[in-house]
Novice: 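One structure, as structure tokens, below. Some questions next.
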Amino acid sequence: MAVYLIGYTLIALVVLFVVFVQLVYHRVIFSNNAKIQTIFGHPLLIYSLRRIGSALISILLAIMATFFLIRFKVEANGGIEFCKKIVTNWDKMNPTIALAQCQNAKANLGITDNWFVDLVTYFYNILPFPKTICLTGYSEEVIGDTVVFMVNTSDCRNTIMYLGRAYFTTAANGQFVTDIIFSKMGVSFKIGIIAVIVEIALGYPMGILMAKHKDGVIDKVGNAYIISIDAIPGVAYYYIWMIILCTLIGLPNRYDVANPLTLLAPALTMGFTGMAGIALWVRRYMLDEFNSDYVKFARAKGLSENRIAAVHVLRNAIVPLVRSIPAAILGALLGTFYLENIYHVPGVGGLLVDANNTNDFYVLQGIIIISALISVVSYLLGDIVTAIVDPRVSFTKE
Amino acid sequence: MSETKEKVLEVKDLCVGFRSHGKRMAVIRGISLDVYKGETLAIVGESGSGKSVFTKTFTGMLDSNGYISRGSIMFDGMDLAKLKTSKDWHGIRGKRIATIFQDPMTSLNPLLTIGYQIEEVLRLHHGLSKKEAEEEAIKLLRKVRIPDPEARMKDYPFQYSGGMRQRVVIAIALACRPEILICDEPTTALDVTVQAQILDLIRELQAEYHWTTIFITHDLGVVANVADRIAVMYGGQIIEYGTAEDIFYEPAHPYTWALLSSLPQLGTKDEPLVYIKGNPPSFTSEIIGDAFAIRNKYAMKIDYVQDPPMFKISETHYAKTWLLHKDAPKVEKPIIIQNLKERMNKAAKELQREIGDSDGK
Amino acid sequence: MENSIRDIDSAIYHNVEDLFTVVGESEESIEKLSSAPYSYWRETFKQLFKRPLVIVCIALLVIILFFTIFGPIMNYHPIVADPAHGVISAEQFDANLPWNATNWFGTGGANMGYFTKLDLWSCVWVGTRLSLVLGTVVALIDTALGILVGSLWGYFRRLDPILIELRNFVNNVPSLLLYFLLMQFLKPSFWVIVFLLCMFGWLGLAGFIRNQIIIIRNREYNIASQTLGSSPKAMITHNLLPYLVSVIVTVVSTAIPEAISSEVGLAFFGLSFSPSQGDITLGQLLTSVTEKGEWIDNPNLLVIPLIVMIPLTIAFFYVGLALADATDPKNHR
């Protein structure tokens, strides 16, 4: 019970906070209190909230859309097709019992006859606060000559977010969708985080060098690389790296939990791809800054070009770039669809394809919701990081 | 008087070109000029006359597509025109020759504290420790009259007003006790009242530290207040130079006449404003004859054929116009120029009265 | 100094008097801007073909185009649809033949998804042709839709909430997931694939056009033009359209390789044409040879399609970028 109270209180507090901030910003309340105005009426706060709000609307739309798509698919052909898939040995069973089993399984997936109630229940289930989810289990018992289907509510669990269960995905067996996704995220993240490190460690120096030697050889080679990555189809490009890394250098090309070396080929490929994008923007922002007046003045102060590049230009060029770093790190949780399939990595990307091939809608929907949530959190963290790096953002009211 | 003065900078036949889209154009076309120690020299001209480019050669700050094609700039026994890499410039640029730019809003790095940006120079050129640099920076801020400098060291530029930022820029230039201070339109972006304060500050500090100031401006009004000597630039050349008195009271070049006539302060209410027709020459096409000829009411046939040489008017005063040739006809100067002295006195008195009025309030 | 005066004196020896008569300013040249006659398109082409790489890329595109049209005519082993096995050849070949007189690029493996023991020469050129057609159709639709919506969006700011929300939605939800969900309900065909590929591309373009229109509209010369009483029609045809034409040309040429790439991505997840239709694209070709690792035994199968695909996409993309630079009037002088 206490858990519920905490959860509801938290949600209520968040709602109150948002309303409060809006009221302060629009000067409905505390219009004369400078301190409260600067803290709660801060434009950055409003801006962040707006972005999160609009992202939440996107998520809401995505959830509604997938909800009805799934519903449509489940109810197609009177729902028999779906029952056939969900109930093992459908054809051999007593039709009444089979139908009862199907109804029960559908109820566990949150599908009853009333779609509106289902939708509300679904939103309740995915709201991230503690709740107890009970599933109806069943057993078959022989009473006299007939097989009787017994329903008993036994399987209850405390969870924070309930995204349904996975029945069709390989080795799923009715696991919670959240459990499957989170376990796959671990694998994806290992590769993703190496890739993020590689792309930052290589992309920034590459962009800096390109900007410093604009129109020189390094710049031209770098631009050629960036254009190639933009132009060549991703899949084709990944195979080129596979040929280089696995066939020529000899890295293992199939994921193996026991061998960390197997992470290397997909992670490096991902890093080499991502680094082009980073280099492109680092170069662009650096060149913008190089043309600014304060760099001219820094030169007039007699500072060396290296010092200007490192202390003045890079420092300022990084500001618009750091916003994307949280998104890159959190995005690593979701892995990449192509690489995980090419290298047989059992991560989120692989799960997605598996779920699609086996028509496991709840897993698909779950991945949509979680990736959308991740992008919301990334926005928030990105704004916070920007505020830390750029004194103008956290001080001024414009 | 200039004979007795020590030359600090000696420019001889300087030519600067720019490469652009495969074309070369001459932007500075043969300038010779001496700058004397401790004086305030103003370089006046329209935008596009090449005045900024000219002074950029003193600190090796031409844009990457610009180059010195001929001539020399002698400074303390060195030829600055020969210096190439930023290593060559180390110890000169920022230390012995400092520059402050037009726009104080953007001259300071928005993401570094004021204190850091001053200390940076002190540590680079004087090798001070962090603590020494901090103390010195506070002194400098006090010198340029920033109130409560200890607290304001930690502020960022956006927390300063335009005039205050320009003071900080001056403090940075001051940090190294430069021998030459180049002020590239230092007050153009500021309010008129702030302009006066900044000019006063520069003058006071110059009196204290005895540096040489080179003022670049398009505003003769500013020049009148501060300059000892004036050089007027047009089309990449100096067309007239002399002491402030020479230029204001005995101008010899038709372009200088035109510039002076177009000063709005000197006109009276019932006279129409005077302006110079046309645009300054573009550098894309070659200039034949006198660059100013096509806009010059007093142009002679020869102006369209041959570039005039520099004619000596007095020991201090030179002008580059065929009107000074012995065969040239005598021409009537514009009316405003004829009684310039009276007009200037009148304008000065009016200004005095206004200031007096505002002081009284 | 003395020298120059003597030179003039000798040059003008005959009538010194005349030279020193005051003639005043030169009225005709005083307000004239010293510039040569300027034609936008001539300058654009000059800028474009100044780069040798552009000529190389265009040559590459012409060569690839030539083979997509004439390659199958030169040496064609028909591809037919077989509902059971996907795309098959009407003739029987041995698996994994190296290049030879009959099969110029060799043949495929025994069991490779969409195609089995096919003549690679025919597959590569037929596949490239279909990919190109697909890419062009998608690029044209994207561009048309993008410009239409973008200009409406730029002029009617009330559309902002809807379209910005839509853009956020697309940014927040991985597009592949939406493809997956949609393909649960749709049967792959040419126009369905076109629909999938067009679904989001136009939105980015529309946003770009909207920003451009707002920027252009707020430029000083347009405000000046408006203040001086130019009619909206004149503003659009004289001030906005020339600028937009360059944007359009550029966007189309980069949208084609992007659509080709996206199709490769769709094919990778089996979302492209169904094999029973007898069509083959570059994406399906690539997926077929990689799906079961067939290319490891016979690298030709992967390398040859890549050799066609990579120059094709890069050439388009580079020409697009070069066009972007060349059509920008700011780079013209």
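Note that these values count all heavy atoms, side chains included, but never hydrogens, waters or copies made by symmetry. Sequence lines set the chain letters: A, B, ... in the order given, protein chains first and strands last, and positions in each chain run from 1.
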Novice: Taking all atoms of both residues into account, what is the closest heavy-atom pair of A:Val235 and C:Gly265, and its distance?
Specialist: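 So the minimum-distance heavy-atom pair works out to CG2-CA, 4.3 Å.
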Novice: Check each atom of C:Leu286 against the heavy atoms of chain A and say whether the ones under 4.5 Å are side chain, backbone, both or neither.
Specialist: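 The side chain, not the backbone.
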Novice: State, to 0.1 Å, how close C:Ser261 and A:Ala231 come at their nearest heavy-atom pair, and which atoms those are.
Specialist: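 Taking C:Ser261 first and A:Ala231 second, the nearest heavy atoms are OG-O, 3.3 Å.
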Novice: Less than 4.5 Å apart, any side-chain heavy atom of C:Phe269 and any of A:Leu352?
Specialist: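 No, too far: nothing below the 4.5 Å cut-off.
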Novice: Is any residue of residues 194-204 of chain C within less than 4.5 Å of chain A by heavy atoms, and which ones?
Specialist: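 The stretch does not come within 4.5 Å of chain A.
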Novice: Name the option with the most non-hydrogen atom pairs under 4.5 Å to chain A; the candidates are C:Leu312, C:Val303, C:Val264, C:Leu53.
Specialist: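 Going by pairs under 4.5 Å, I would pick C:Val264.
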Novice: Side chain, backbone, both or neither: which part of A:Leu334 has a non-hydrogen atom closer than 4.5 Å to chain C?
Specialist: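 Answer is neither: A:Leu334 stays 4.5 Å or more from chain C.
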Novice: In terms of heavy-atom pairs under 4.5 Å, which option from C:Glu258, C:Glu263, C:Met309 contacts chain A the most?
Specialist: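 Among C:Glu258, C:Glu263, C:Met309, the one with the most close pairs to chain A is C:Met309.
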Novice: Kindly compute the distance separating CD1 (A:Ile226) from CG (C:Leu321), expressed to the nearest 0.5 Å.
Specialist: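 Here the rounded value is 11.0 Å.
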Novice: Out of curiosity, C:Leu302 CG to A:Ile240 CD1, how far, rounded to the nearest 0.5 Å?
Specialist: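 Rounded to the nearest 0.5 Å, the CG-CD1 separation comes to 8.5 Å.
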Novice: How many angstroms lie between CZ in C:Phe317 and CD1 in A:Ile229, if you round to the nearest 0.5 Å?
Specialist: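 These two atoms lie 11.0 Å from each other.
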Novice: Nearest 0.5 Å please: distance from the OH atom of A:Tyr238 over to the CZ atom of C:Phe268.
Specialist: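 Between A:Tyr238 OH and C:Phe268 CZ, I get 9.5 Å after rounding to 0.5 Å.
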Novice: Rounded to the nearest 0.5 Å, what separates atom OG1 in C:Thr313 from atom CD1 in A:Ile232?
Specialist: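 It is 6.0 Å, given to the nearest 0.5 Å.
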Novice: For A:Thr247, which atoms come within 4.5 Å of any heavy atom of chain C: side chain, backbone, both, or neither?
Specialist: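 The side chain, not the backbone.
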